[in-house]
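Quick note: numbers below take in every heavy atom, side chains included, and nothing from hydrogens, waters or symmetry partners. Here the structure is a predicted model, which is why all the values come from computation and not from measurement.
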Amino acid sequence: MPALDSMPADTELVAWLIEQHLTCPPWRNRATSPDRKTIENFAAVVQSVEQMKLLTILTTADIRGVGPGVWNGWKAQFCARCITRPSRC
């Protein structure tokens, strides 16, 4: 990424977003609620609302880009809830 003339902080943020997106907790693909400890662990990793918003945008774009039929109401609701109420993801 340095070839893009980005600031080191931007490079770190993008790397963090990709890592978290790829290792996102397993409940993101099903309609079951995670337990409290899982939410607390995830909240410790995603330390700000801004990070949660960016991670949610990346995840939404990735899911929608997979192809028709992959994006559905549950995933839309989940992503919206992550932005508005991260502690409920």
Side-chain angles (χ1 to χ4, degrees):
M1 290 200 57
L4 297 175
D5 268 350
S6 61
M7 301 295 290
D10 293 340
T11 302
E12 289 178 28
L13 176 60
V14 170
W16 180 87
L17 287 167
I18 292 168
E19 179 182 0
Q20 296 313 311
H21 173 69
L22 294 174
T23 61
C24 196
W27 75 79
R28 74 184 190 278
N29 289 322
R30 59 179 192 245
T32 58
S33 296
D35 61 46
R36 181 45 100 197
K37 185 67 176 163
T38 303
I39 291 171
E40 289 171 1
N41 290 342
F42 187 60
V45 171
V46 182
Q47 298 178 3
S48 74
V49 173
E50 186 64 25
Q51 284 181 324
M52 188 68 241
K53 286 180 181 179
L54 293 170
L55 184 56
T56 301
I57 290 166
L58 173 61
T59 301
T60 301
D62 182 52
I63 294 169
R64 293 185 73 133
V66 169
V70 177
W71 184 253
N72 59 39
W74 182 84
K75 290 177 183 173
Q77 181 181 18
F78 177 80
C79 287
R81 187 174 64 220
C82 285
I83 288 178
T84 59
R85 298 182 72 187
S87 65
R88 300 281 312 265
C89 284

Quick one: do V66 and W71 satisfy side-chain contact (heavy atoms from CB on, under 4.5 Å)? Show the steps, please.
-> CA-CA 8 Å; V66 169; W71 184 253; over 6 Å; no
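Of all heavy-atom pairs between H21 and L58, the closest is CB-CD2, 3.6 Å.
Considering D62, T56, L55 as possible partners of T59, the one that fulfils the side-chain contact (heavy atoms from CB on, under 4.5 Å) test is L55.
Residue E12 holds its CD atom at 12.0 Å from CD of E19, rounded to the nearest 0.5 Å.
Placement of V45 and L13 within a single hydrophobic cluster is found when ILVMFWY residues are connected by side-chain heavy-atom separations under 4.5 Å, directly or transitively.
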